[in-house]
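Each remark here refers to the structure printed beneath this line.
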Amino acid sequence: MQLDPEDQQLATRFPPGFVWGSATSAAQIEGAAQTDGRGPSIWDRFCAEPGRIIDGSNTDIACEHYQRWPEDIAQMRWLGLKAYRFSMAWPRVQPRGRGAWNEAGFGFYDRLIDGLLQAGIQPHLTLYHWDLPAALQDDFGGWQSREIVPLFADYAAEVARRFGDRLASLCTLNEPWCVATLGHETAQFAPGLKDRRVAMQVSHHLLLAHGHAIDAMRAETRTPLGIVLNHTPAYPAQPTEADRLAARLDDGLNVRWYMDPIFMGRYPLDVLAHLGADAPQVHAGDMAAIARPLDFLGLNFYTRSLVSARVPAPAPPGAQGFTDMGWEIVPDVMTEHLARIAREYLPPPIYITENGMANADRLQDGVVDDAPRIAYLRSHLRALARAIQYGVDVRGYFYWSLLDNFEWNSGYAKRFGLFHVNYATQQRIAKASAHWYRALLGRQG
Ligand code: FCB
């Protein structure tokens, strides 16, 4: 594919050494749920409960990446990726979340990491992308209990010891807000609970486990360590005082609730006051344990939220449209938000660890002409280039996702990939957006 002159120019706006990547996660692509001694995860359980997943699907087969990883690395190479972000399934390497390690499970990641390195692609590993060993949920309620903290730190240390020297980065958690709130307050995600007090306690245990895991990994490896947060900046739906306050609180729960403890060692006071009796129990020393120095901050950016004190809230304007998830497309918010985060938190170098769109792709005559995805990519990369120009230290960008995959409670109905996956044959087909991204990466030299 030939880039038009403006896109050629876009390619030159990123600094040398900028890390161009794409991302996936274990539960969403691996399949092989019962293979080589993998233990069940809370998502296996959740999928088995009727009505939880829109299309009634599960992660048993997914994209068969567990078998097809060499082919997938070949596709990454064709794309010209410099980096690949993926996650390790904790129940694959430690089936019960404590006790014996599963060497066959570690063997898979060992081969994958070596395969990436041989292809000249940096491996960026996330320890926890939501697939908790089900045994830990059974034994003590998973993230609801402090018992999880040392277990997660043990797992982190073991992975750092085995793989640290071959990884380009190691990240503790993916999107703790989703784990706490969607998993324990709104019941959209596993384990499917509906209790705000529990959800907030879970958020505290996630942060604490993150901090302890950072310390445990520092003792084992010199590879850069960090966390990945999802930021959906909140804006008032109407220019009223009530909506501004509602937006401030929403932002407090989503952005500041995680950023303040990690980078300032405290929870935001306005959110604590709002939570009242639902605020988490915090032990002496916890906040210092959470606020460990990090080498990088991963941010996942997809959209904003428009918040209103009124119910029902007015629909967002969607001047640039909506994705197939119904998420408003707002690239300018990305620039503005990155500038804010850099100013207010003085974070370590930032990586955009996820950004992308679900699109109602159509495979016709062997081709997926996903023009909306190219437009999304282009507008967000322009927004990112602007943030860098304003002085925000962003070192890399990972498109979500490499492949169409299991989109959590949306099952296989939503397609985010640069590659179309035919789930009947497991054939991968590069979409037009993959050709575009490849052409852009080709200009980087
Ligand atoms: C993020 C998740 C990722 C994917 C995208 C669409 O919240 O980290 O696994 O589902 O959303």
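Whatever order the structure lists ligands and atoms in, that order sets their numbers, starting from 1.
- The protein non-hydrogen atom at the shortest distance from atom 10 (O) of ligand 1 is Glu407 OE1, 2.7 Å.
- Contacts between Asn174 and ligand 1, counted as non-hydrogen atom pairs separated by less than 4.0 Å, involve the side chain only.
- Residue Tyr302 holds the heavy atom nearest to atom 5 (C) of ligand 1 of all those in Trp177, Phe416, Tyr302.
- In this structure, Asp404 pairs ionically with Lys431, as a charged nitrogen and a carboxylate oxygen lie closer than 4.0 Å.
- Contact analysis leaves Lys414 out of contact with ligand 1, as no non-hydrogen atom separation drops below 4.0 angstrom.
- Glu354 OE1, 3.3 Å is the protein heavy atom nearest to atom 2 (C) of ligand 1.
- Classification of Asp251 and Arg304 as a salt-bridged pair fails, no side-chain N sitting under 4.0 Å from a carboxylate O.
- Distance from atom 7 (O) of ligand 1 to its nearest protein heavy atom, with residue and atom name: Glu175 OE1, 2.5 Å.
- Between Asp278 and Arg196 there is a salt bridge, since a side-chain N of the basic residue sits under 4.0 Å from a carboxylate O of the acidic one.
- At distances below 3.5 Å, at least one donor-acceptor pair connects side-chain atoms of Arg373 with backbone N or O atoms of Met357.
- Salt-bridge annotation for Arg77 and Asp72: absent, with no side-chain N of the basic residue lying under 4.0 Å from a carboxylate O of the acidic one.
- Between the side chain of Asp131 and the backbone N or O of Ser41, no donor-acceptor pair lies under 3.5 Å.
- For the pair Trp408 and ligand 1, the shortest N or O to N or O distance falls below 3.5 Å.
- Proximity of Met325 to ligand 1, defined as any heavy-atom pair under 4.0 Å, is not found for any part of the residue.
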